[in-house]
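Values below: all heavy atoms of this structure, side chains included; hydrogens, waters and symmetry mates excluded. The structure displayed is predicted, hence computed values, not measured ones.
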Amino acid sequence: MRWAFLCAFVSLCLCAGLAPQAQAGIDLAYQPMRVDLRLTPGQTQTGVVQLKNQGTQAIHLRGRMMDFVVSDDNTPQFVARTDENYSCRSWTILNPVEVDIAPDSVVPFRYTVQVPATLVAESRTFRCALTFESMPTLEDRIQKRTTNQVRLVTVLYATVGSPAATPEIGNPEIRKTEDAWRLEIPFSNAGETHYRLNGQVFIKDHDNHTIETLEMDSSPIQPATSVHVGFDIKALPQGEYTMLLQLNLGSKILEKEAIVEVLPSR
Amino acid sequence: MKRLIAATLLLVSPGVLAAQNLQRDDVNTARISASAFTDTGAHRSTGGLGFDLVQGFSNRGVLSSSFSLAGDQDGLHSGRSFAHWDGLASAQGSTSSTAGSFFFQPQLFENRAGNIYLPAVLMRGAESQWSQGKTSVSAFAGRFLVEDGSRILYVRGASDRIAGVTTTFNPEGRLSYSVQFARTSADSSGTNIIRSASAPLSSLQLRQAVQLKPFRWLKLNGEYSVSKAAGRLTPSYDASLEHEGERLTFRAAYVRRSPDYLPFGLLSFQSDRKGPHAELRYRLTRWIEVGGSSVKLRTSAAESNQYNGNTSFSLPGNFQLSLARSESRVKLENNAAFSGQSMLLDSVTLTNSFRRWLTRARVDDIQLRSTATSRTRGLEIGETRTFQNGLSLGGEVRFQKSNEPDQHGTRISTAIHGSYNWGSRVTLNVQTDLGRDIRNETLFALSNLRTSSASLTVKLSRSANLRFEYYGTRLNYELNRDSILASALLGNSVEPVLGGANRNVFFFQYQKTLRWGKSASAEYDKTTTGVAIVRPVGTVGGRVFVDENENGVWDEGEPGAANAIVSLNQLRKTTTDESGRFEFTAVAVGPNEIALESDTLSAIFTPTVLRQPVAVAFKARVQTDFPLRAASSISGRVTEKKGDEIIPVADAAIRLEPSGLYGYSDSSGEFSISNVPRGTYKLTVVPETVDHQFRVVSGPGAAVDVAQAGQQLKEVEFLLERVEVAPVIERLPASRIKVGPAATGVLQ
């Protein structure tokens with residue numbers, strides 16, 4: 001769920017200005033949130049991200065091509081540049097880059113991906129992000145009118161060849177604080193394309209009754225990454241439990257089982 | 001009268017269009033329309049209701065039907081009515097059938113030999129097509145209604161009957177063969193039928209046609225027909241060779257038609273002729289292009305020779321010089337009163353394009369020899385300015401000196417073409433030519449037909465539209481009467497298709513579309529194959545090109561954009577070829593809209609116009625181009641000197657004057673301004689967008705020059721330095737502190 005939120009990345013950052021005007025709301029709609037392209041070396045592909053200003057105020061949009069990475073806790077991060085070996089940022093151009101958008105109007109941002117003729121790998125999924133950040137128009141800025149700021153992200157996957165994912169599931173751990181229990185499962189991917197966390201985690205008691213079912217959020221595990229994915233779980237009384245993870249990879253289901261022993265509190 | 005109204009209603013309601021250009025989205029819809037139609041030329045006002053139904057049948061096909069009712073001063077009439085079944089194409093083949101009053105095109109191929117064609121005709125009857133593998137069979141029977149093809153339809157009466165079968169083998173292949181057998185009978189009492197020769201009361205026609213495409217760039221057509229009428233057998237044949245390439249285009253043809261060839265009423269003037277036809281265009285170098293054509297046609301009553309030659313020179317500075325000569329000779333046989341005439345036209349034209357301005361200057365010399373001899377010399381100067389959104393304003397002035405007093409004088413004409421959209425709800429298209437039309441020159445006419453059209457579409461809701469259309473037609477013939485006669489005899493139809501009088505036509509329509517079921521089901525994708533219904537059409541072509549000199553028009557050497565998708569009325573789509581060219585054939589006459597789908601263009605280009613209104617005339621080719629701007633950009637970084645450190649300045653606005661374009665620096669100080677037109681600019685950091693005062697230590701200088709389209713100016717660096725403003729000291733009035741023996745200090 002968090003990934004879905006972050007992928008849309010509608011992070012509202014209130015400008016903390018002291019201007020007397022009332023803050024104007026921003027209502028932006030856009031699509032698509034994700035683009036999956038299958039390309040060949042040397043191929044050029046163009047697409048469009050459409051943004052609609054549904055608010056009542058003109059805004060300025062600042063578009064940028066960025067890399068995205070995931071942190072250890074599987075949170076997406078959008079940065080200017082990172083590992084070029086997995087990035088399609090430098091192949092992709094955006095037009096327009098910056099533009100004013102009037103209320104109730106739609107601006108198409110066209111992007112063109114031009115895959116280099118030679119690549120670091122014959123088969124790999126490369127990724128990058130088209131980020132759009134709302135800014136006040138120059139006139140609003142000069143007049144010191146304040147606006148909310150919104151950032152939208154379209155994630156772009158460019159798959160060349162037929163790469164495969166190599167999912168791996170490490171040993172889960174349970175972290176306990178005074179008021180929360182958290183199950184953390186390490187996932188890694190030694191393959192050349194991402195796979196998605198589709199499936200469920202079952203926690204069963206010693207009678208094999210399922211006492212809790214956790215849904216995975218379909219977030220992608222990128223190639224050459226290892227992350228810890230956490231789930232909040234109910235507190236477990238003393239006893240022995242079984243944790244069963246079923247990762248649905250489409251063509252197969254990967255299962256991982258762990259025995260959880262809850263010791264008596266001291 | 002009833003027929004006239006019925007045929008008019010074919011276009012009052014959009015039913016014909018919906019059925020002809022059936023799309024996936026039209027399946028499972030009902031369209032109800034209420035229309036009002038006033039024609040000042042025909043002194044007629046009509047109100048009508050139309051109903052169109054398109055029902056999809058899963059795994060079988062699509063049934064479309066259309067019906068309308070109209071009322072005028074003569075009472076209530078039923079309008080166009082037809083039902084059309086389009087079976088889903090499958091490996092076993094496809095079928096389609098139509099019955100009612102609909103447009104039908106009975107020819108084998110679009111035969112361009114000698115500019116002879118067989119237009120679509122309105123038929124009341126039935127037609128059915130079957131195709132299986134590489135064979136298709138079409139059977140048809142009905143009675144033709146005589147019509148003048150145009151957006152404003154004119155039906156003048158019933159004409160011949162026809163029944164026949166056409167079989168085509170391998171229609172899409174390199175070698176295609178068709179055979180047609182038809183029986184015709186002419187309506188000799190039809191007073192409204194154009195006949196330059198008497199048509200046989202009945203005839204049998206056997207036609208065979210072969211089309212061979214040995215290479216992608218070469219096409220050979222051949223047709224051989226035998227007509228049997230009044231007990232005699234007469235052959236007709238033609239052959240043509242066509243090549244279309246980047247540097248060389250040519251077409252050569254020979255045609256011979258017997259008097260009995262397909263005597264379908266209004267088309268009978270197409271018969272009884274023979275002669276060769278050739279035309280050629282060749283680009284010698286990047287700078288020189290030559291072209292020419294020659295037509296020699298002979299009928300039993302007249303003989304015509306036409307020659308054209310022209311040479312164009314592309315000069316530096318976007319100048320183009322064209323020299324042209326054309327000569328026409330017409331000779332009538334067995335007519336002592338009028339033995340012949342000739343027309344000789346020489347012209348020199350200089351054009352220049354600068355930015356969005358197109359200038360044309362031309363001098364010409366026209367010598368006309370018929371019963372009298374006249375010589376006219378003229379100077380024409382024209383200027384056109386194109387704007388974004390496809391709007392163009394143009395004006396021409398012509399000074400003319402002639403030995404015929406009524407040809408002497410000055411003529412001025414102006415033109416406005418373009419469209420505007422207000423939001424996504426209201427669209428206005430305007431195509432108007434004002435003043436005297438001096439551009440539509442023909443060999444036999446110095447002035448011709450002048451039309452204006454405007455349409456306004458208001459989208460009331462997702463399913464309802466309101467549409468207003470206006471057509472104005474003005475005929476300002478000042479032709480030599482002998483020229484008209486001679487030309488008409490040779491089949492060069494000088495008579496305008498829109499009728500023979502000044503007309504103003506107003507058309508209002510409210511249309512509501514109801515939808516149900518799975519209209520977007522992919523199974524209906526192939527239902528448009530084999531649709532037999534046709535109607536008067538023209539062609540729209542053009543090119544999507546990189547407008548390197550940003551003048552809005554295509555100039556020699558400017559590259560095309562390949563694989564861009566262009567749509568017609570958002571219904572039909574085509575892809576541009578390697579040189580950026582596209583073409584839609586069989587486009588319904590009247591106002592249409594051509595749109596460029598920008599998401600199929602590389603982001604390195606920016607289209608200057610995405611929609612172009614076009615007014616298509618019957619059998620005419622309209623050229624409409626989409627200029628692209630190679631997206632120039634200016635990018636760089638804004639940093640600030642802070643002691644020994646250089647730190648990025650975020651969210652500073654960098655403005656490009658005088659364009660008004662601007663961009664903001666990001667957290668790393670980088671900025672980018674895209675789609676910068678050619679020109680010289682001043683680039684500044686807007687002080688109000690930096691939260692402290694600063695001075696520019698180093699910057700891009702007084703002027704930034706974007707000299708070429710597509711130029712990427714990178715690493716434009718601004719280095720700022722904070723200006724520490726000395727605080728202003730405001731001194732308050734001095735006070736005195738008194739310290740008494742028992743007092744502490746008191747501030748007064």
Side-chain angles (χ1 to χ4, degrees), chain A residues 13 15 17-18 32 35 43-50 52-53 59-66 78-81 91-100 102-114 130-145 147 149 151, chain B residues 421-425 561-565 596-607 610 628-637 648 650-657 659-676 684-691 710 712:
Chain A
C13 309
C15 291
L18 296 175
V35 178
Q43 189 183 340
T44 300
Q45 178 76 44
T46 297
V48 169
V49 178
Q50 291 196 316
K52 183 177 184 185
N53 182 1
I59 57 166
H60 182 85
L61 282 173
R62 176 167 63 189
R64 290 289 187 271
M65 287 305 308
M66 300 187 102
F78 300 96
V79 293
R81 35 186 81 79
W91 318 342
T92 311
I93 52 171
L94 191 63
N95 184 2
V97 177
E98 302 213 7
V99 70
D100 284 353
D104 202 31
S105 60
V106 178
V107 170
F109 281 87
R110 290 182 298 128
Y111 59 87
T112 296
V113 184
Q114 177 138 31
L130 294 84
T131 65
F132 305 96
E133 198 171 357
S134 77
M135 300 283 290
T137 63
L138 186 55
E139 190 192 344
D140 284 346
R141 192 88 187 277
I142 291 171
Q143 298 297 328
K144 299 197 185 304
R145 298 184 194 116
T147 57
Q149 225 171 348
R151 196 185 195 198
Chain B
N421 295 307
W422 286 274
S424 56
R425 284 180 169 266
N563 301 319
I565 293 180
L596 174 63
E597 299 201 350
S598 65
D599 56 347
T600 58
L601 287 173
S602 170
I604 62 172
F605 302 125
T606 302
L610 286 175
L628 307 177
R629 192 178 292 158
S632 300
S633 69
I634 298 175
S635 58
R637 201 158 177 246
D651 297 341
I654 298 87
R655 187 161 52 189
L656 200 60
E657 295 295 357
S659 72
L661 295 170
Y662 68 97
Y664 284 118
S665 59
D666 58 21
S667 56
S668 56
E670 290 178 357
F671 70 90
S672 179
I673 303 171
S674 55
N675 299 322
V676 180
T684 55
V685 177
V686 181
E688 291 91 338
T689 59
V690 179
D691 61 3
Q712 313 288 315

Handout entry: Contact leader toward chain A among B:Ser602, B:Gly663, B:Ser633, B:Ala653, where contacts are heavy-atom pairs under 4.5 Å
Key =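 That would be B:Ser602.
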Practice task
Counting only heavy atoms closer than 4.5 Å, note whether A:Thr131 contacts chain B via side chain, backbone, both or neither.
Solution key: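 No part of it gets close to chain B.
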Practice task
Under 4.5 Å heavy-atom distance to chain B, tell me which part of A:Asp104 shows up: side chain, backbone, both or neither.
Solution key: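 Neither the backbone nor the side chain of A:Asp104 comes within 4.5 Å of chain B.
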[X], part contacting chain A, at a heavy-atom distance under 4.5 Å:
| X | result |
| --- | --- |
| B:Ser668 | neither |
| B:Ile604 | both |
| B:Asn563 | neither |

Handout entry: Verdict with reasoning, B:Thr606 to A:Arg110, per side chain to side chain contact (heavy atoms under 4.5 Å, CB included)
Key = CA-CA 9 Å; B:Thr606 302; A:Arg110 290 182 298 128; 4.2 Å; yes
What is the minimum heavy-atom distance between [X] and [Y], and which atoms define it?
| X | Y | value |
| --- | --- | --- |
| B:Ser674 | A:Glu98 | OG-N, 4.1 Å |
| B:Val686 | A:Ile142 | CG1-CD1, 4.0 Å |
| B:Ala603 | A:Asn95 | O-ND2, 2.8 Å |
| A:Arg64 | B:Glu670 | NH2-O, 3.1 Å |

Rounded to the nearest 0.5 Å, what separation is found between the [atom1] atom of [X] and the [atom2] atom of [Y]?
| X | Y | atom1 | atom2 | answer |
| --- | --- | --- | --- | --- |
| A:Glu133 | B:Tyr664 | CD | OH | 11.5 Å |
| B:Asp599 | A:Tyr111 | CG | OH | 9.0 Å |
| B:Leu601 | A:Thr46 | CG | OG1 | 7.5 Å |
| A:Met135 | B:Asp651 | CE | CG | 3.5 Å |

Problem - Top contributor to chain B contacts, counting heavy-atom pairs under 4.5 Å, from A:Val99, A:Asp100, A:Leu94, A:Thr44 - result: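 Most pairs with chain B among the choices: A:Asp100.
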